[in-house]
Structure formats: structure tokens, C-alpha cells
Amino acid sequence: MRARQALLLPTVIALSGCSGWQSALDTHGPHADSLARLFWIFLAILGTVWIVTILMLLLALRQRRAPVDDPLMTRPGTERRMTIVVSSAVALTVLTVMSLTIVSYGAQRVLFAGKDGPLTLLVTGEQFWWKVQYEDASPARTFTTANEIHIPVGEKVLIKLEASDVIHSFWVPSLNGKLDAIPGRQNQIEIQADRPGIYRGQCAEFCGWQHAHMGLLIVVEPREDFERWRNGQIGAAHIPDDPEEQKGMEVFMTRPCIMCHQIRGTSAGGKVAPDLTHVGSRRYIGAGILPTTRGNIAAWIVDPQGIKPGVHMPLVPLAPEEIQPLATYLESLK
Amino acid sequence: MKPIWLLPAAFLVLSACEREKREFRPPQVSEETDEKVALSSLSAGSSPPTQETSGKGKKFEENAYHISEGQRLYTWFNCNGCHANGGGDSGPPLMDESWIYGGSIENIVQTIREGRPNGMPSFRGRIPDEQIWQIAAYVRSMGRYTPKAASPARKDDMHPGPAEQRRPPAEMNQGGTVPPSAQMPQ
């Protein structure tokens, strides 16, 4: 009874990992579909092989051969039977390995089929966040954002992967497999989502202290919603007319914030930290660590190293009366 | 005999694995320290110029984490735009033993905070003070004024010479040399 209970818990935990917004088995696109299919085929074939092997082993352990007088004496009937069993096992092994290779090859053809998405993104892995640049033939329609990627539903999107410091790995389990982002070179991966929704991604290559908190969000929406979002993101940040927000903007522009962060349409032009032009429109701050609320923004500014130890955002000493307006201003950047 | 003595021995060996503590989180309310440093070894009278430092510098220049953070910030804040990789360009070199405004970490911190004539901008209020100390610690490691174990090892990028850790240690040079503005015109 005890043992069964003890077995039940890990099973439930393991199965609960199979659904949700970040699961390779809860697929929402053709690439992830083909990977999941591959997974189930491998599981079925190799599971069968394992069960047959264990059964044969148990059979062999149970059946004892009768003692023979002369060990060197052979019986032709037994010899022939053993030859058939061994050669068919060898043939089956070769067949299994070959068919798994062919199935994998077929799946790879789907994964690396076309590299001509109408939408091209340059995603750069940074310690510990994702820089996202939307490319376009017209330079005026390119823009930079961070940690939240919007894509239109049912369309192929080409993602060019780069890294600025160490090796990261781009992984959105519901849409495709992993691909490393390596400093000094560019890798390309294609994603496509067949259903609108929000899917979570994660860095899948250990990259430092906050590797586990290097998340990203893929928001899949209909084409017109996506266009509306993109046009909003292309525009410069709004200039506040509310006095509290104006004070917050003044704090931002006169403090060390501007050394690293950019807010398009203002004098802040730092490029080494996430672009904050529309930070209030993103669902999370700090690469998925806290939902975007005024309180969380204030908490993040006051104690970044307490929330995410080792993150590159430093503790900037600010007066208590400066923090509230600053958080209000940043939250207003929709 | 049971190898019971192996247990304390293993414990001793493993306890050596922790090299130093990474201090991610500086004190929440930190004031800029007051460093009284001399910019030159010259002074009126027979005694050398008085110096009074907070002692904070030791914590930074002997800590590998602070120095490597300084190395990252050195390019983030574009120090290499003028000082190159320490060899100097439009700004003076940082890896040799000649220091115009003093070579101790307090002198360097002061130089970054206040700026210096002929091009060095002031970064007070632009870079948080803890990070100024980290950058200064890295500048000290360029000429190997820092312990070997704390100095940065080889970078992943292209590197113009041996890593800081592999450079020969330098002699401490208190005070500064004659600044260009005080030199005789030639």
C-alpha cells in the first residue's frame, strides 16, 4: 500500500508536466507536432523492445537446462533453433535502428524545411534575458523589444538566433525543439503556431546564475491584432502629461537608468539592457520573473539583486519619493 | 582498521572548494565613501601628502567577482572607446605603471567619479558607486596590481595579449606623476 502511494506521487507529478503553456507534448504547431509524433514512435518501439528483452531474460532465468554428461556434445536440433533465434534478434535490431533513423530523418525534413518566413526576427540571448528585433524591408518598420514575441497565427516565422555573451538555447516546447544561440555565429529556427494563445519559452542551456529565470513569452494572435500590436511597438514612447509621470520621466532621464536602457522618443539611448519603450505593454518584467504591475516595477528597481541574484541590473540608490513616480512612469509606457 | 580518518580529510578537501563569496547585493542605503587621496606625490614641506582612505578598495581589488563585473562594465560603459583594451588611444594607457592622477584604487575611483581635464568625463550619478569600484578594480587588474587568483582569466573574445591573470605583477606606485597640464611645454 505504502509502495503504491509512493509510486503514485511521482507519476502524477510527471504527467502534470505534459500539459500547460510550456510542454513539448502539448503541441500547437507543425514542428512541435512532428517532434511529439517522433517521441511517441520512439517510446512505443523502444518500450516494446525493452518489455520483450525483460520477458526473455525472466524466461531464461526461470528455465534451467537439464545437466548433460558431455558438455562438448551438441544436438543438431537445438543448434538450429539457437541459430534461428540469434539471427532473427540481430535482424530485428538492425531493422529497428534503421527504421528509427528513417523516421528521424523524415521529422528533420519537416523541422528544417523552408527558411522563408514573411516575418523575420533576430533574437539575441543575453545574460539573462532575450533581445528581440523585428526585421523589415523598410528600416522605419524595424524595432527592438525584449522577452515577449508576438507572432501572427498560422504563419511561418523565421527566428535568427545570436548570443552576445555566453551560449544560450532558445526553446519554446509547444512550438519547436531547442536551438542553441552561440556567440559569434547565427543559427536559424522556424516556428509556426496553429492556434492563438500564449506559450512560454525558456533558456535551455545553462548560462549563469539566473539561467532558470530566463523566460520568454510567445503571444500568438490573429493577423489584424498582430498588426495593431506591431504598429504600436514601432511608435515612440508616449510623452507624459500627468505630473506624477512627468516626475518619473525626469528621474529616469537624470539617473543611471539611461546608461543601459533605451526609451525611444526620449534622450535615453542605452543599448545593453532591455528596451523599455513599451515596457508597460509587456506581460512580465525581468524575463518572466514578475507580472508587470506598478508595485512589481518598484520592487524590481529597489532590489533587483534580491529578486534575481546575479542579474546585471544594479541596485541604483534612489530616494523613496522618487521610486513611486518612476514606477508610475514605466508602467504608463504602454 | 576502518578508514574513519578519511571523513575529516574529505571534509577538509571539500571545504577548500569555496574560493570567495560573491556579493551581489550591496548595502541598500550606501553613501559614496569619502576618499582623501593625493593626485601627486609632491607636497609643500618635507612630509609626503596626507591620504585617508575608507579601506573599501581592498574588498574590491581582491575579489574575482567584482573584477570580472568591472571587466564587463568597462566595455558596457565604453571605457574602451578612449582607453582601448588598456593600451590607451585618445585616453592614456591603463596597463602601464605611470599614473597621471595616482594608481591606487581610491585614486582611480575618484578619477571616474569626478572626471579629469582633457577628456575624461565625470561619471558621478551616471554609474552607481558600487559599479565604479568594480570598474576601478578591473583597471587595477590590467597592470596586475591585483592578486593573481582574483584577476580575470582568458576572455572568450579576441584578446590583444595575455589575460590579466597571466601578466607579471606590477609594483605599487603611490601617488601620481606630473600631469600633462603641469609639464613644461616642449
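Just so it is clear: chains get the letters A, B, ... in the order the sequence lines come, proteins before strands, and each one is counted from 1.
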Next on the checklist: Counting heavy-atom pairs under 4.5 Å with chain B, which one of A/H312, A/M259, A/R255, A/Q305 comes out on top?
Outcome noted: A/H312

Next on the checklist: Counting heavy-atom pairs closer than 4.5 Å to chain B, which one of A/A273, A/P309, A/G184 comes out on top?
Outcome noted: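 Greatest number of close heavy-atom pairs with chain B: A/P309.
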
Checklist entry - For A/V311, is it the side chain, the backbone, both or neither that has a heavy atom under 4.5 Å from a heavy atom of chain B? => result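 Looking at A/V311, nothing touches chain B.
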
Checklist entry - chain B heavy atoms under 4.5 Å from A/C260: which part of the residue, side chain, backbone, both or neither? => result side chain

Next on the checklist: Less than 4.5 Å apart, side chain to side chain, heavy atoms only: is that true for A/L315 and B/E130?
Outcome noted: no

Residues, nucleotides or ligands: over 12 heavy atoms within 6.0 Å of [X] [atom1]:
X	atom1	result
B/H83	NE2	yes
B/R124	CZ	yes
B/K155	NZ	yes
A/K271	NZ	no

Item to check | Where B/R126 and A/I258 come nearest, the two heavy atoms and their spacing | outcome: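 What the structure gives for the nearest pair is NH1-CD1, 2.9 Å.
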
Item to check | Non-hydrogen atoms of B/P128 and A/V316 that approach each other most closely | outcome: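 In terms of heavy atoms, the two residues are closest at CG-CG2, 4.0 Å.
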
Next on the checklist: Between the side chains of B/R25 and A/D303, is the shortest nitrogen-to-carboxylate-oxygen separation below 4.0 Å, so that they form an ion pair?
Outcome noted: yes

Checklist entry - Which distance, rounded to the nearest 0.5 Å, do you find between the CZ of B/F24 and the CD of A/Q210? => result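 Going from CZ on B/F24 over to CD on A/Q210, the span is 8.0 Å.
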
